Every structure is written in structure tokens, then in C-alpha cells.
Amino acid sequence: GASGGSPASNTTSSSSSCGTPVRFTVRLNYVLDDEQVPYFYALDKGWYRQACLDPQFQASTGSTSTVQLVGNGSADMGVADTVAVLNGLAQGIDLQAFGVVYQHNPTALLIRKSVLTPEQQAETKPSKDILYGKTYGAVISGSPFIFYKAFVKEQNLDASRIRQVNISPPGFTEMATGKVDFIATFYQVAPVLEGLGVPLKIFKLEDYGQKAYGLSYFSTPKWIASHGEVIKKFLAVTKRAIDYTNQHPDEGVRTLCTYNQSICANDTSFKTNVEEFKLYVPLYPNLTPSKPMFCINSTTWKATARLLLDAGVVSSLPDLSNSFTNRFISGC
Amino acid sequence: MTAADLSREPVASPRAPAIEIERLRVAYGPLVALEETSLTVGACEFVSLLGPSGCGKTTLLKAVAGLVRPTSGEIRVMGGSVEEARRQRAFGLVFQDPTLLPWRRTEANAQLLAEIIGGRHWDPGRIDELLRAVGLKGFERAYPEALSGGMKQRVAIVRALAFDPQVLLMDEPFAALDALTRDRLGEVLLDVWRQSKPVIFVTHSIEEAVFLSDRVVVMTARPGRVLDEVHIELGRPRTHAMKESHEFFQATRRLRSLIDIAQGVAAQEGG
Amino acid sequence: MTAADLSREPVASPRAPAIEIERLRVAYGPLVALEETSLTVGACEFVSLLGPSGCGKTTLLKAVAGLVRPTSGEIRVMGGSVEEARRQRAFGLVFQDPTLLPWRRTEANAQLLAEIIGGRHWDPGRIDELLRAVGLKGFERAYPEALSGGMKQRVAIVRALAFDPQVLLMDEPFAALDALTRDRLGEVLLDVWRQSKPVIFVTHSIEEAVFLSDRVVVMTARPGRVLDEVHIELGRPRTHAMKESHEFFQATRRLRSLIDIAQGVAAQEGG
Amino acid sequence: MAESDLTMARPAGTPTTQQVTGVVRAIAPAVFLALCVVAWQLAVLLLHVRTFVLPAPSVIILRIVRSWPQLLPNTLVTLQETLIGFAIGSLIGFLLALLIAYSSLLERILYPLIVASQAVPKIAVAPLFILWFGFGIWPKVVVTVLLVFFPVVVTSAEGLMSVDPNLIDLLRSVNANPWQIFIKVRLPHALPQVLAGLKIGIALAVVGAVVGEWVGADKGLGYLILFANSQLDTTLSFASITLLVVIGVVLFVAVDAIGRLVTPWKRVRTLDPGL
Amino acid sequence: MAESDLTMARPAGTPTTQQVTGVVRAIAPAVFLALCVVAWQLAVLLLHVRTFVLPAPSVIILRIVRSWPQLLPNTLVTLQETLIGFAIGSLIGFLLALLIAYSSLLERILYPLIVASQAVPKIAVAPLFILWFGFGIWPKVVVTVLLVFFPVVVTSAEGLMSVDPNLIDLLRSVNANPWQIFIKVRLPHALPQVLAGLKIGIALAVVGAVVGEWVGADKGLGYLILFANSQLDTTLSFASITLLVVIGVVLFVAVDAIGRLVTPWKRVRTLDPGL
Ligand SMILES: Nc1ncnc2c1ncn2[C@@H]1O[C@H](COP(=O)(O)OP(=O)(O)OP(=O)(O)O)[C@@H](O)[C@H]1O
Ligand SMILES: Nc1ncnc2c1ncn2[C@@H]1O[C@H](COP(=O)(O)OP(=O)(O)OP(=O)(O)O)[C@@H](O)[C@H]1O
Ligand SMILES: [Mg+2]
Ligand SMILES: [Mg+2]
């Protein structure tokens, strides 16, 4: 399936160096997309094999489901929104993060310019009360919804003056057809939406002081305890792949397609060019081979957890003491 | 509705033919049920049909009522087409099977056709009276399931008589009844008939046919054809005493021999 | 299977009672269909039941076959219970309605019960023979829908005779048939019977009852009761000439008057 | 399976056995349900199933009690959508069944479209629903209607088409118009099958309302489930599902009971060996 | 609705009108479908509907052709899930119908559970499916089974319970065992209604497979739809939906045709006015 390994025949020779590679499942945060190119890139290059790893990547229907399935042991490790991981923790699921993929808050409110006055459109950092009277298209199954609710709380906005309707992900069609005025989502998708002829004003929530992490790597403490080497090598190879993808974005699509033939019989299946991987680049802390990637900073970690409180998802913060570890990343 | 109401006045003189069947042929696929069948029934005539099982009596009745389409030949009812007659709600039909609606109780079943015709022909009193006359008093609220075979058949008879149709077509209506109930119902029937309408009455009982009819037609089988007919020269009203009369005896004997012939023909043709 | 096979040998002497009904009462809810009904049928006796429509003839037959549970009273068949007899597949039933399976063609319908009993009683040749005897040659491949009323009834008769049952229970089997077909089927029936098994035969035809039976039982209605019985003192085999005999005439006359009484009782009681 | 006793019971049994049987019948479903719940509870406890995977019934019931003020209004919303959708859906289904029953040409034309409407995953075309029907109750009703009408079409058409031709002939003999034939023969004859379709329809109506709420809603049990799932609040999710099940079963039983009421002549159960 | 002509046609009409009628019947659905597609195409063109909202049929068809190598394997996956789920689901449904038909106690016990199984939104309990059935074909099959079995239960139970008691009596008179009564009377009698249930079931099976794929899959048309939506590739989404519809309609027609084959005695269409 969406898992790696089989097509990489050109790399099998290198696997002989370590005997049988360790097989484990990695449940991703959503269906396959440009942002996941690096994993398949590493598979294709045989880097995981060389590290004696055999990760099976699984597409998912969302971070929440990933958290649940890793929590109950249906998958070994997961890639999910940090808020979802923390929420799982708060709901009593035994989880621990061992790396943050996106170091910055990727969430933005994308507002249709056509519902804004020319002055509002011109502002570089629009005043937040331009949201009043607008319709918010909420994808309530996704983390941006939590970011949005926390934002409303943090900024003391009057939620009753913003109409909220729930829409199915990704919500672009509802935007393009004018059914909703703004959505909360990763700002990387903005060009796609503008490509549909919807001029956007982008509110990056980080610009308004909302510090938070995006995706992180996590698993159960039990699995982590017995797979320290695996995790260490997985993170190292993945970092290498991300660096490489950044430098050779054009190879990405072919790679994705090699490993995911069910969705990808030809390169056009991925509508957006993998160039757009570059849009995710600002989310990565260090795209230089020499510096460590994925480090977890406890201040931002706590700030991310606070979002849950602000959004009203939990009534008290969970115990964060064992919620993450940096011990698999050298140099944090 | 108006047309139908008007048409209920007698449209023809008593002796004029009310039902004319000419060279009728009905085939069900390869099977020819009726061939070259001609029959005329006067406006106030009571005609019985006798004939071996499977000779096409039911088919003939259904063709007259417009429920089976003739393959060829013509049927005219009261001077018009079968369709017109049906549009005027001329036909009172009793099927060979009771054909009751399982979800209706006796009285509702008896009322079915009257309901459909509606207007002045709906007379609950009459239905009540008929139900009593055929001996179904006390079973008005029973579902068909709880009736005996003969009782069901009687409901079907009441249903056809209830709306006083212009033409009566009855397919072995008394087959499931004992001799005495038969007799009683025969009287009820003659009473309703009052020599005022054409009747085609299918039966297997020669005595019954002779006692009730003005004319008895004998059919042969495979394909069904009219073999011959016997005029019954008994006066009206018929009395049970007539059953002892010479005319009665003559007619039954003649019919018996005709039926022998009919069966013989069938046996020969059927191989 | 073995038990059933063994039991097919005659279990009682020809004169011993095969069916004993004692003080039978059957009530359908508040309606009492049969009351204080007692009847005994000898091992090789042919008994006909006459009685007004709705007097409980069908109910009686169904009670003997174990299809209706007596409210009180007892029924014994060949010395055992009704259940045992049924377990031995003793009963050959002809219902008042043909009760054919609409999805089976004539031959398959005729074969139904033989199929169920299986074993040595399945004889396609016999079914073919019987179908020919009742005049259904050529209609083996017809669905019931394409048969006339009398034809359906004949299929039902063949179905019951086909597996040579130990006891025959027949509910107005010839009602839908013309006189000659009736006669012919009566002969077929007597032929199958060969004075070898008990028969209860419900009919509305006095002549038929007298011609076929050793004894004719007359019932009255509401509640159903046995009124009286008439022993038919005609020899076997029966011939059509016997219909002209004095005994025949006597028996029919006696039965006619009994039926008059039965109806009278019914009329009085029914109010 | 003691077939030998079947249909014997027409002349009634003794009152006492009837009463006992009646009591057993009345409580059996409740007893069985209780057993299921106990088994579930024990399974969760003994197998140490985590709450976020499958909460124990006790936990769910406590949550229903505690969150009742939140659950009740949402339940009512879903109930309303279910009922409206069911009403419209069964009506449309029945009308389509009429068209199909009365014309084999229409049958051939309509059936492919009707089946196509079932094969389209409703959520996949959610944006169209919002575009066409907005955010109010209507998109939910439309989804419900789409789920409900189909079984009603199939079973009603089957019922309307299987009438004994002799009954039709009987009415045609007095020139009954199509409406009369319909109302006096076809409809009563088809009623048991129409009711089977409605029974399927009412169960699907609940699902329809939920699926409808997954798109463009801000209340209702479906919305609550979606919300609870996104919050990883499995207990709230199961509490909502429990209420959905209650709605579904109650409505089903109601439709079944109405069905029995309007077909009194069908009371005979020919298969029941008495218990 | 020219009822007056109904059932008249038993003795056959002239060959030529029959032939013409036959041709009209054969092509009418295709013609009507073509008209619908043309209307859709025109609506999209004239109303300037954007492709990402609702692609024109021409665009969808082109995409199907172009992406065939991608669509075909996914179609086969979904088809396989549909067929396996349908087979298992109808079998289970029929067996449950037997239990229900043979015992009113079981009916009372089972029906609430069966209805409950319908009211639970399958996607809401997706993690349980994955936990219990893993990631392979089985969770999809299970979801399909859950959707399919219900209509089969309801209609088959209805059919099995509505047998003419006289037919049962006939067989009981020769002490037929329950199996013989079942195979010779009940089953053939119930067949038309079982088939109605199967027709509903096969249409729902397609939806079941898609929903199952949404629970967790990495191939199949359902997954492709999910993927296409995430890519805002509405055309691919509609291409997949079109193939789903084709699967659904083809399977439905197949079930219908098999149904007609196994119930040859039901050929008479009493309602059809000839065209
Ligand atoms: N619907 C049908 N399809 C095909 N053949 C039929 C149909 N109805 C009747 N037949 C055939 O037509 C012939 C005449 O049947 P019909 O019912 O008219 O006989 P009948 O004289 O009424 O017999 P009976 O006295 O037994 O009722 C029979 O051979 C029968 O098999
Ligand atoms: N299933 C039933 N439920 C209720 N009452 C019934 C049922 N079957 C028969 N009856 C009643 O029992 C009485 C006797 O019916 P049965 O069928 O035995 O009469 P029958 O003698 O066979 O009459 P026929 O000669 O008309 O067939 C009738 O009054 C009838 O209404
Ligand atoms: Mg006839
Ligand atoms: Mg009777």
C-alpha cells in the first residue's frame, strides 16, 4: 500500500549489511501530500534500509485518528498535530513525543479579499475585528479549529459575532463559491486557493503572538523504550531526506508516485507541483545538514498545550513532565 | 358519471340481442382456448353455459367482460363495444374463485364493487339484505380467512348482485355450495334478475342450468366451440314443481346426451 | 424412514375402525365449528360427508389430518394418535381449494407430496399415468396460472393420489368439474382406492356420495354435528347401471330428506 | 424449530401458557439487551480496554446523565431532521415506486438513476450540498431523503407489482379507474411490503441525519460525534451514538407498531412454534 | 397511466408493435441518460460552473480515459470489497431473517440489535474497526456487510413470514420436516422479496465499501476520492464517483437479472400498459 519498501529493489543490496531490517508502521497525519515527500524520498534512496529500518508509512484520515491508533497500538509511531497528541495525553492516552516536525505555528486564517473593504485589504497586519460579521468555515475534525478557538480566546474576540458553520475538509470549494468568508488552515495551501481565483488576505496566527508547534513524531512510552535505536536512526535519516528534498524538490513527485501507485498512476495526480514543498520550508527549524532538526523546546511545548486550555478542549492541563523527549536527537 | 347513470335505463327492447359474440377466437400463445365461437344473448335472457372442464367457459366470460382480448372475432354488448359497456359499468361478474380481498371483512368485501360505482347504486341496506338472503348473517365482520369455502363464494355472489348490474356474468357461482343452499341462491338470483337483464351463467349442474335458464348452451373442448343449445320451454316464474315436469326431463336428457357428445369430441380430438 | 415404510403395510383388519372421532369439539375463538361430533371410519371404508355450507366439513377433515387442534374430544387414526399417523405419512389430502404452488408446473405440482415422502413412493410413471387419467395430458409444463379452475383441482387430486396414501381425506375434490369429468374421476378414485384404505370424502352431490360410498354421513350446521348416516347397500365394484337401482334411489331420497332436516335445523338455530 | 407444532395453535391454547409466554416475550428483549451490556462492561473491565478505544457502558451512561443538558438539544435536532427526512423520503420513494410499478418504461429509465443516487458517497459531494441547500436543516434533510427513499422504492414497487391479476380484473370489470384500483387493491396489497421498506428507511434515516450533520452543521448528534472525535472525547462520542441508537430503535419499533396496526388482517404468524 | 389497457395484453399484440416497443424500451434508458448528461454539460457551460465545484461530464470522461491506469486498479479493489461484502452480508442477512421468521421471540430479541447496528455511524467507530479487523480488506468488508445485511433481513423475514398457511398445511399433512417446508414452499415464496432485499443490498454495498475505505485504506475508489479532495482535484473525485456509480448500476442490474431468471413464474407484469 502506501508503505514503502518493495519497489526499492535497487537498494536491497545495501540492506545486507544489517540482516533483517526492523519493520514498524508509521501512521501519517493525513492522506499523502507534498509535505510527505521526504519519507518516500528516503525510501527510494534506500536510506532507511541502509539504516536497517523498514518503515511502513500509512496514510490517515486525520491527526486524531493517528493519535488514537498509535495510542491503542494499531500503529507503532505516528506523525500528528502536536495539539492532537497533547489532547490525547489529556484524555489519558499514554503518549510521548520524540521530535517536532514543524517548529512554527502553521495555522492561518485565510479570508476572502472580496468581503473586505479596500482599506482592510491594504493593511499589512489586519485588525482582528474585521472577522466580525463574517462566516467561519470550520473543519472541526482538524487542529486548525483548535488554534482558531484559542485565538478567539486569546484575542478576546466576541465569538458570537462570528458565524461558524462546519464544512468538510479541505473547505476550498466553500471558500471559492462564497459559502464561507474565511477558513483556518495551514497557510501553505493559500496559493492553491488563490489559484482558484480567490484572492486572499492571510492572517498568520503566529503574527498575532500565537506560538505553537505543528506536526510532531510520537509513540507510546512502551514502544519508545524498546525502540530507542530505531527512533534515533529514523529521525536521522528523515532529517537527511528533508534536507535533500529541499534541495531537489523536482524529484519528489516521481518518488511519491513510485510508492503510491494506487493514487498516482501518473505525475499529474498531485495537482500541486512539489515546488510547493518549499512552502513548508519555513516550518522547519534548520535546513542545514550540520544543525539538529526536530528539537522540542519546552516553552513552545507548553504554549501549544495551553491552546487546548484556551480553546476549551480541556479544563485543566495534563501533566507534561513525560510528554516529550529530546534524547534521540543529538545536539538539542 | 352522467353517461353511466343514463345508460342504466334499458337501452334495448326485451327481445333484442344484448350480447352478440361472433366468430370469437381467443388464443393464449399457442393454446387456442376458443375458436369460431358465436353466441347471442337476448336483453332479458338467462343463458347457461355447460361444457367440459377446460373448454373455455371462463375465457368466454372474461372476453365478454373485456378482461381477455379476443385474438379475432367480435363481441358487442347492448349494441356497443365491450369497452363501452364496461365504461357504463354494465357487468356484474362472479369469478370462478371467490377472489375476495383478504384485508376486507365480509360486508366490506360485499360492498367493494358498489363502492366503486358509487352514487345511487350504493345501498348498504341492500347488501345487508343480500347477505342475510345467502345465509351470511352473523359473518359480516369476519375476514375471508375465517370463512368456509362456500361462504366465500356467497360473498362473491352478493358482491356482484349488490350494485344491480345490467349484465350478469357468473362463473360456476354455486359450485362450492350444497344442494339446498344452491337452490336457495338460485331463487335469490332469479329474484334479482326479474327477467330484466341478460345473464350468462356457467355451471356444471344440468338440473341447475335447466331450472334457471331460458336457454342452455353446450360447449366442446380444445379448442372450445359451441356444440349446440337447448331452449328451455318452462314458464316463469319457475317453481320447484317444474323439476318434475316432462319439459324439464326432456331438456335434461337432451343436455346429458349433448354433453356426452361434447366429451366424446374432446376425447377424440385430445387423442 | 424405516418406521414409515414398515407402517405402510396394513395395520388393522379390514373391518376394524381406522379413524375414530369421539365427541370432537373445535372452536375458532368464540365460534364453535364442531361440537359433539363422533364418527368412525372402517379400515377399508369409503365414507362421504354431506352437509350445508359452513357446517364444519373442512374443519373435520383438517382435525383428522392434525392441521386443526381439537378444543376437546379425541381422534384416533389406525389405533394411534393423529400425530403418529401423520408421522407415518398416512394422509393423502385434497383441499377444497387447489392450493397449487404457483412456481411449479403441473407435473412438479403433482409430484410435490411424493417428493417429500420420497423413497419407493416416488414413481414418475404413476404420476404421468394419473395425469393422463384425469385428462391433463399436454398440460404437464403449464404453470397453475394457465390452467382452468377444474384443471387446477385435478392437479390437486393427482398430487394426493400420487403417493398412494394410507388414508384419503378429500374436500369437495370434484366441485369444479363437469358431470362427465366427475364420473371419470370417480372411477379413477375408486380404482386407486381398491377397497384398501379408509376414505373421507366431502361432497355436495348426493348422487356422487351414494355412488362412491359405503356410508354417507350428513352433518348439520352451527355448531356442526353429525345428524345421521345412511349405509349404501350397493355391491362393489360399482357400475353406472346401479344408478338406476332401487337401492340407489332409496339412498338418495333418504339423504335428500336428511339434508332438508339438516338445513332446517340450521335455519332455525341460525335464526 | 419444532415445525410440527406450527399453525396448530389456531384454536387458542390455554390462557395460562399464553400469559407466561406473553411475559417471556415482553421481557426477553430487555433481558437479552441487559446481558449484552453486562458482557460489554465485563469485557472492558477484564480486558482492560482503554476508555479512548471503547468506553464501558457504565461510563457512557454516567456521561449521558452528566452531559444531558448538552445532549438533549442535539438529540432533538437530529430527531427532527430524521423525522422530516423520513417523511419526505418515504413519500418520494413511494411516488417513484408508483411510477415504476405503473410503467416498465419508467422503471427502465428511473432505476439506473435511483441506483446511481445510492452509489454516490454523500460526503464526497458535500460541497455541492452546501452550495445548493445552504447551511440550514435542508442539506441534512436532503441526505436523509436520499438514504430513505431507496428501500421504499424497491420494496413498494415489488409490492405494487405483485398483485393478484384476478383482483385487478375484478375491479376492471366495473371500469374502476386507476385511482380506485390503486386505493382499493394495490395499496392494501402492497402495504406489508411498503412497511418493510419504511422499516429499512427509518433505520437509514438516522444515519442520513448524522451524515448530513457531518457537513455544514453546528448542532445535532452527528455534529457532536464529529466534535467529540476531534477532541478525542470518545465517551461523549459513544454517548451520542447511544442516543442515536435509542432514536433508531424507538422509531423503528414505532414504524413496526403502526405497520401492525394498519394491517390487522396479517396477524397470523404462520411460522411461530408458540415461543 | 392508461389503466384501462392493463392486463389486456395477455393474448399477444401484433409482432411489429411489439418490436417497436421493444426497441423503445431498450434504448429509452440510454437516451434518457444521455439527455441528463447533456443537460448537465449545458448547465455547467451556461452557468459557468467552475470545475472544482462540479466538473462537466466531458471533463470527467476525459479524465477517466486519461487516468484509467490509475482508476482501474482502485476500481477493482472497491469492486472486490463490494462483492465480498455483499456475499457475506446477504448470507448473514438471510440467516438472520430465518431466525426471525421462525421465532417471534428471536425476532423481538434480535431486531433491536439489528436496528442498533444500523444507527451507529460506521465512520464514528472507525478506530474500533481498525483495532478489531486491522488494515487489510476486512474492515471494509465488515462495513459493507453491516450495510448490506439489514435490508436483506427485513425483506426476507417479511417474505418468509407471509406464506399462505394452506400451503404449509398441505406439506404438514404429509409430515414434511421444516427443511422440506422451507425449501419447497417458504423459500420460493419469499424469493421475490429476498431479491428486493438483495437489490437494496447491492446498492448499499458500494457505499459500504467506500465508507470502509474512509475508515482506513490506501487504495480503492473511496480512498481515491478522499485523496482527490485533499488535492482539490474535483475532477478526479468525480471520475471516481462515476466509476462507483457504474459499479453500482451494473451490479444492481445483474442482481435484478438473476432475480428474474430464478423467478420465471413471476413474468406477468400486471401493471404495464404496454409501453
Ligand atoms: N392465462 C392463461 N394462460 C394460458 N392458458 C390459459 C389461461 N387461462 C386459461 N388457459 C387455458 O385455456 C383453456 C380454457 O380455460 P378456461 O379457464 O376458459 O376453461 P373453463 O371452461 O373455464 O374450465 P373449468 O370448467 O375447468 O373452469 C384451458 O386449456 C386453459 O389451460
Ligand atoms: N380459520 C378460521 N377461523 C375462524 N373461523 C373459521 C375458520 N375456518 C372456518 N371457520 C368457521 O368454521 C365454520 C365451519 O367452517 P368449514 O370450513 O369447516 O365449513 P365447511 O363445512 O367446509 O363449509 P363449505 O361447504 O362451505 O366448505 C364456519 O362457520 C367458518 O366461518
Ligand atoms: Mg372456468
Ligand atoms: Mg369446506
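Just so it is clear, the model here is predicted, and its values are computed rather than measured. Lettering follows sequence order; numbering is per chain, from 1.
- How far CG of E/N166 is from CG of C/L67: 9.5 Å, rounded to the nearest 0.5 Å.
- Contact of C/F95 with chain E is made through the side chain alone, with heavy-atom distances under 4.5 Å.
- With a 4.5 Å cut-off on non-hydrogen atoms, C/R105 does not touch chain E at all.
- Annotation: side chain of C/E115 is not in contact with side chain of E/Q180 (no heavy-atom distance under 4.5 Å).
- The OG1 atom of C/T99 lies 6.5 Å from the CG atom of E/L170; values are rounded to the nearest 0.5 Å.
- Of the atoms belonging to C/L100, it is backbone heavy atoms, and not side-chain ones, that fall under 4.5 Å from chain E.
- Proximity of a side-chain donor or acceptor of C/R89 to a complementary backbone N or O of E/V174 within less than 3.5 Å is detected.
- Residue C/F91 comes nearest to E/S173 through the heavy atom pair CB-O, 3.9 Å, listed as atom of the first residue, atom of the second, then distance.
- Contact annotation: the side chain of C/I116 never approaches that of E/I181 to less than 4.5 Å [non-hydrogen atoms, C-beta and beyond].
- Atom CD of C/E22 sits in a sparse spot, with 12 or fewer heavy atoms from other residues, nucleotides or ligands closer than 6.0 Å.
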